[in-house]
Amino acid sequence: MSELKISAEIRNEFGKGAARRARRDQKVPAVIYGHGADTVHVTLPAHQLQMALRTANALLDLDIDGRSELVIPKAIQRNAIKGDIEHVDLLAVKRGEKVIVEVAVHVEGELAPGGNLLEYVLNTITVEAEATNIPTSVTVSIEGLDSGATVLAQDIPLPTGTTLSIDGEAAVLQVVSAQAEEPAAETAEGETAGAEA
């Protein structure tokens with residue numbers, strides 16, 4: 001994954017008023033932590049940050065007063081209505097350092113014919129990878145899987161240098177039959193409702 005360069009400014013004002021002023025100036029308040037160092041408060045250009053964070057686990061190369069700092073996003077707060085980024089927590093990383101991140105699970109191929117449905121038990125899996133080589137996602141084939149099949153975390157091929165950080169026996173995907181038992185469930189609920197009335 002290539003590094004995305006962004007200029008950051010040290011932030012000396014704190015609180016809601018300062019955050020509102022920063023956002024009005026098209027900047028996003030952020031904190032950088034990690035490696036036992038003091039937390040650094042910065043602001044980042046909102047548009048650049050929004051574009052950079054379209055990529056999961058984006059590696060950012062921040063220019064802070066002429067000093068370069070590699071970071072990855074750990075927590076992003078967005079406006080519930082507009083979706084704009086309001087604040088971001090960034091983890092400082094070093095080249096060659098391993099970090100634990102969540103990556104999206106993608107599938108390829110077709111299930112066996114017969115009305116099977118694919119159920120995501122987990123949309124992401126936790127992996128350990130080099131900070132400068134974090135995969136954006138992992139892909140697993142579901143070709144020909146039939147009802148009752150389960151894809152475990154250990155079954156998902158990982159890029160070189162990436163290791164699993166969750167139990168390998170954890171179910172990630174399940175193939176279920178399309179025959180739902182919803183009418184029976186509704187009847188049971190109806191009986192319960194009748195008993196209460």
Side-chain angles (χ1 to χ4, degrees), residues 1-8 28 30-37 40 42 44-45 47-64 67-78 83 85 87-112 116-176:
M1 179 188 298
S2 57
E3 297 155 28
L4 302 161
K5 293 189 176 293
I6 297 182
S7 292
V28 176
V31 294
I32 304 168
Y33 62 92
H35 297 133
V40 179
V42 297
L44 304 167
H47 181 70
Q48 260 188 297
L49 183 64
Q50 190 95 23
M51 298 303 283
L53 296 184
R54 285 184 173 180
T55 304
N57 299 314
L59 179 64
L60 308 178
D61 182 0
L62 301 185
D63 179 353
I64 308 170
R67 175 177 63 85
S68 177
E69 180 84 69
L70 283 179
V71 299
I72 57 172
K74 287 308 276 183
I76 301 167
Q77 294 173 13
R78 294 184 185 270
I85 299 171
H87 188 274
V88 63
D89 289 358
L90 303 166
L91 176 66
V93 295
K94 293 179 179 167
R95 291 182 201 287
E97 177 184 9
K98 295 259 189 178
V99 292
I100 293 175
V101 294
E102 288 190 6
V103 294
V105 176
H106 294 295
V107 298
E108 61 184 10
E110 298 289 327
L111 295 173
N116 294 313
L117 298 173
L118 183 65
E119 182 180 277
Y120 277 79
V121 180
L122 299 173
N123 291 314
T124 61
I125 59 170
T126 309
V127 298
E128 184 177 53
E130 277 196 26
T132 53
N133 200 23
I134 299 170
T136 53
S137 63
V138 291
T139 303
V140 61
S141 173
I142 58 166
E143 188 63 42
L145 293 183
D146 210 340
S147 178
T150 300
V151 176
L152 304 178
Q154 65 195 12
D155 300 331
I156 298 176
L158 299 176
T160 305
T162 302
T163 56
L164 207 54
S165 281
I166 60 171
D167 182 359
E169 298 289 324
V172 179
L173 306 167
Q174 291 179 336
V175 182
V176 295

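Since the structure is predicted, the reported quantities are computational estimates derived from the model, not experimental observations.
Val42 places a side-chain heavy atom less than 4.5 Å from the side chain of Ile32. With a 4.5 Å cut-off on side-chain heavy atoms, Asp155 and Val172 do not count as touching. The shortest side-chain heavy-atom distance between Ser137 and Thr124 does not fall under the 4.5 Å cut-off. Counting only heavy atoms from C-beta outward, the side chains of Leu145 and Val151 approach each other to under 4.5 Å. In this structure, Leu118 and Val175 have side chains that are in contact, with non-hydrogen atoms separated by less than 4.5 Å. At least one side-chain heavy atom of Leu158 sits under 4.5 Å from a side-chain heavy atom of Ile125. Looking only at side-chain heavy atoms (C-beta outward), Asn57 and Ile72 stay at 4.5 Å or farther from each other. For the pair Ile85/Gln50, a side-chain contact is recorded, criterion being any heavy-atom separation below 4.5 Å from C-beta on.
Closest non-hydrogen pair, Val105 versus Tyr120, comes out as O-CE2, 3.6 Å. When all heavy atoms are compared, the tightest approach of Ser147 to Val176 is OG-C, 3.9 Å. Across all their heavy atoms, Ala129 and Asn133 have their closest contact at CB-O, 4.0 Å.
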(request) Evaluate the side chain to side chain contact (heavy atoms under 4.5 Å, CB included) criterion for residues His87 and Asp89: first the C-alpha distance (whole Å), next the side-chain angles of each, then the deciding distance (0.1 Å), finally the verdict. (result) CA-CA 7 Å; His87 188 274; Asp89 289 358; 3.1 Å; yes
(request) Could you check Val88 against Leu90 for side chain to side chain contact (heavy atoms under 4.5 Å, CB included), going step by step and ending with a plain yes or no? (result) CA-CA 6 Å; Val88 63; Leu90 303 166; 3.9 Å; yes
(message) Between Leu62 and Leu44, is the side chain to side chain contact (heavy atoms under 4.5 Å, CB included) condition met? List the steps.
(response) CA-CA 9 Å; Leu62 301 185; Leu44 304 167; 3.8 Å; yes
(request) Let me see the working for Leu164 and Ile156 under side chain to side chain contact (heavy atoms under 4.5 Å, CB included), right down to the final yes or no. (result) CA-CA 9 Å; Leu164 207 54; Ile156 298 176; over 6 Å; no
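Counted within 6.0 Å of CD on Glu110, heavy atoms from surrounding residues, nucleotides or ligands total 12 or fewer; the atom is thus considered open. The 12-atom threshold is not exceeded at NE2 of His47, counting heavy atoms of other residues, nucleotides or ligands nearer than 6.0 Å. When the shell of 6.0 Å around CZ of Arg95 is examined, it contains 12 or fewer heavy atoms from other residues, nucleotides or ligands.
Under a 3.5 Å cut-off, the side chain of Lys94 and the backbone N or O of Ala131 do not form any donor-acceptor pair.
Checked against salt bridge (Lys or Arg N to Asp or Glu O under 4.0 Å), Arg54 has no partners two or more places apart in sequence or in another chain.
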